[in-house]
Peer 1: 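The following block contains the structure, expressed as structure tokens.
Given the structure is predicted, the values throughout are model-derived calculations rather than measurements. Convention: sequence-line order gives letters A, B, ...; per-chain numbering from 1.
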Protein chains: 2
Amino acid sequence: MTDEALSAGAVARRLGVAVTTLRTWHQRYGLGPSEHVPGHHRRYTPADLIRLETMRRLTANGVAPAEAARWAVQAPNAALPGPGPRTERRGTRDGGGATIPVGRSGPAARGLARAAMRLDSNAINEVIDHAISTDGVVVTWDTLLRPVLAGIGERHAATAALIEVEHLVSRCVSEAFAAVVRAHAPHGPPRILLSCADEEQHSLPLEAFGAALAEAGIAHRLLGARVPVRALLEAVNRTGPAAVVLWSQTRSTADPTQLTALLAGPNRPLLVFAAGPGWRADSLPAGVVRPVNLAEALSLAAAVRDSLDQSAAG
Amino acid sequence: MTDEALSAGAVARRLGVAVTTLRTWHQRYGLGPSEHVPGHHRRYTPADLIRLETMRRLTANGVAPAEAARWAVQAPNAALPGPGPRTERRGTRDGGGATIPVGRSGPAARGLARAAMRLDSNAINEVIDHAISTDGVVVTWDTLLRPVLAGIGERHAATAALIEVEHLVSRCVSEAFAAVVRAHAPHGPPRILLSCADEEQHSLPLEAFGAALAEAGIAHRLLGARVPVRALLEAVNRTGPAAVVLWSQTRSTADPTQLTALLAGPNRPLLVFAAGPGWRADSLPAGVVRPVNLAEALSLAAAVRDSLDQSAAG
DNA sequence: TACGAGTTGCGTCGATTCATGCGTCGAATT
DNA sequence: AATTCGACGCATGAATCGACGCAACTCGTA
């Protein structure tokens with residue numbers, strides 16, 4: 001029968017790597033077809049595929065390729081090491097290739113970057129979900145997602161490439177946050193409104209905040225990107241939130257008028273957050289807080305929730 | 001009833017291939033007359049003819065013969081080109097009056113519209129999730145989500161209001177689809193690439209398609225909105241998908257050049273879908289399929305799924 | 001902080017291997 | 001007598017091979 005003897009190209013497509021990479025893996029690490037006559041085409045058996053799949057999974061989790069290959073050859077079906085971060089860093093150096101600069105952000109970030117380059121949404125989801133369930137939303141955002149996204153953005157701003165990578169990763173992150181929100185039952189009505197500033201396109205940080213809130217048991221309402229001032233005021237007026245978070249990524253979208261309008265409305269929220277690097281500290285109207293990072297925003301939001309509970313109880 | 005038991009020569013003439021090729025196809029791929037005694041002449045029944053016709057059509061479209069043969073044996077009637085059956089077109093007249101015009105789309109749509117007006121994401125999620133788990137993605141999209149979204153869009157185009165409602169509902173829908181994708185384990189590598197056309201902002205229909213694919217057990221890769229041609233080609237080149245779906249919502253984003261570029265690339269996909277109302281049927285290059293609705297696109301994609309790529313199997 | 005060494009993914013090039021359509025030949029079928 | 005059968009072989013284009021090199025990232029060191 002046609003016992004799945006895949007050619008190099010087929011395997012490469014299946015794994016999401018280039019054909020030349022398969023050859024390199026074979027030559028450098030001995031990770032190739034079990035039987036191969038030099039000069040002839042490579043024929044990968046199912047067993048070989050399992051080995052390569054292990055290789056892929058390990059590298060997607062940040063294990064250095066050389067080490068991952070050694071592992072894949074010896075124990076083809078090795079599950080991910082539970083402890084994880086305890087990678088013996090002796091002598092082995094990590095390299096690059098066509099990757100995404102993540103600097104010293106840990107092996108998980110490197111793995112995520114690698115999976116992203118391959119457009120491997122499964123691996124991306126795996127890494128993100130694992131990180132969130134292990135370290136929580138805030139830590140994952142600060143140490144894994146933001147560095148990788150920043151790296152992609154940096155690269156893509158410079159070379160106008162990687163746009164598709166950025167889209168894919170953004171969407172995976174968005175989905176992961178959505179899953180967090182859905183997983184945590186929101187008890188109580190949402191009293192916190194999250195919205196992007198007018199014209200602001202980046203809603204991912206807001207979604208991170210939303211997920212963090214959900215994780216902390218705080219219900220919220222997320223409007224999304226590009227919310228015109230009128231729509232925002234309309235929403236505030238209709239839902240009467242206790243706090244409003246307005247995100248601005250770049251200076252051009254950080255019009256303080258929006259904040260003023262929020263405070264001047266008929267249904268004035270108790271607290272207004274000017275979040276994001278776009279806002280300038282000196283031009284903010286009084287009564288607006290400016291959290292510097294996710295953790296601070298979260299603790300502020302928790303304070304709002306508590307004060308509401310108190311006032312409701314009293 | 002010897003219904004047209006054609007001889008090898010007759011079939012060969014009809015298909016435009018040599019007689020020996022028919023023999024080769026039989027020996028190499030098992031694609032021959034259903035009943036054949038070795039040594040005797042081959043007698044092709046009409047059913048065999050259909051199979052051969054599929055084989056010819058696929059190979060004519062650039063499918064690797066071995067793959068095409070496997071495909072032809074399994075799914076003899078895989079529709080490839082040509083206009084699909086006529087669409088049921090019915091002028092829906094919306095009653096208007098209330099908040100969001102949903103027409104006669106059932107009570108669920110009305111409930112969804114009402115929850116949307118309240119910006120009540122919990123209720124929105126509830127309605128959507130229930131509909132999807134009851135009726136499936138395709139029906140939910142066609143009878144619930146699309147009408148409501150269209151209603152919101154219509155209203156907001158007229159009055160410049162409801163923008164926040166549209167955002168919220170869009171995001172909820174997006175999350176629901178993402179949840180569907182995550183719930184269904186994708187077995188096998190994603191061989192179908194979904195992408196918006198250049199400049200195209202609406203990705204929700206694509207996400208619906210992705211969810212429908214996942215529901216049917218077909219893995220896919222979704223790039224998202226606003227994918228420049230270069231990025232799309234890059235992705236195709238790197239991942240080598242069997243099929244590419246390019247969505248265009250409005251005519252202004254439906255540049256046929258993108259399709260041509262896809263077909264001309266070095267790693268030409270097996271099938272290209274021009275999806276969405278933006279495309280004009282008469283300006284599509286040859287070899288491009290234009291599904292008229294979600295259901296048709298889904299059945300086409302299902303045909304692609306069966307082609308496990310082992311094109312170089314010995 | 002800057003620089004060099006070590007890693008790694010992948011593009012490129014000329015040569016080789018493979019898959020595939022089809023022609024040819026002697027024997028068998030119709 | 002006209003085809004067709006099975007087997008074999010050939011020409012050709014696509015895929016792959018091995019070798020080499022490049023670019024880019026990380027990390028230790030000056």
Peer 1: Expressed in angstrom and rounded to an integer, what is the separation of B/H40 atom NE2 from C/dT30 atom P?
Peer 2: 5 Å
Peer 1: So which nucleotide from C/dT8, C/dG11, D/dC5 ends up closest to the side chain of B/A8?
Peer 2: D/dC5
Peer 1: Before accepting this row, confirm whether a basic side-chain N of the pair A/E175/A/R171 lies closer than 4.0 Å to the acidic partner's carboxylate O.
Peer 2: yes
Peer 1: For B/H36 and B/R43, test the side chains for any donor-to-acceptor distance below 3.5 angstrom and give the result as yes or no.
Peer 2: no
Peer 1: With a cut-off of less than 4.0 Å, is there a side-chain N or O of B/S7 near OP1 or OP2 of C/dT30?
Peer 2: no
Peer 1: Could you go over nucleotides 19-22 of chain D and give all protein N or O partners under 3.5 Å, atom names and distances?
Peer 2:
none

Peer 1: Under 4.0 Å between any heavy atoms, over every strand shown, what does B/H36 touch: base, sugar-phosphate, or nothing? Just pick one.
Peer 2: sugar-phosphate
Peer 1: Would you mind reading off the distance between A/W25 atom CH2 and D/dT16 atom P, rounded to a whole angstrom?
Peer 2: 16 Å
Peer 1: Name the nucleic acid region contacted by B/H41, choosing base, sugar-phosphate or nothing; use a 4.0 angstrom heavy-atom cut-off, strictly under.
Peer 2: base
Peer 1: Distance-only criterion, 3.5 Å: show the donor-acceptor pairs between side-chain atoms of residues 131-141 of chain A and protein atoms not counting sequence neighbours.
Peer 2:
{"unit_1": "A/S133", "atom_1": "OG", "unit_2": "A/D129", "atom_2": "O", "d": "3.2"}
{"unit_1": "A/S133", "atom_1": "OG", "unit_2": "A/H130", "atom_2": "O", "d": "3.1"}
{"unit_1": "A/T134", "atom_1": "OG1", "unit_2": "A/H130", "atom_2": "O", "d": "2.7"}
{"unit_1": "A/T140", "atom_1": "OG1", "unit_2": "A/A131", "atom_2": "O", "d": "3.1"}
{"unit_1": "A/T140", "atom_1": "OG1", "unit_2": "A/G136", "atom_2": "O", "d": "2.6"}

Peer 1: Give a yes or no on whether a salt bridge exists between B/R56 and B/E53, defined as a side-chain N under 4.0 angstrom from a carboxylate O.
Peer 2: yes
Peer 1: Kindly say if A/R42 contacts the phosphate of D/dT16, meaning a side-chain N or O under 4.0 Å from OP1 or OP2.
Peer 2: no
Peer 1: Identify, between B/G39 and B/V17, the residue whose nearest nucleotide on DNA chain C lies closer to the 5' end.
Peer 2: B/V17
Peer 1: More 5' along DNA chain C: B/E234 or B/T21, using each one's nearest nucleotide?
Peer 2: B/E234
Peer 1: Figure out the CD/P separation between A/E67 and C/dG6, and round it to whole Å.
Peer 2: 19 Å
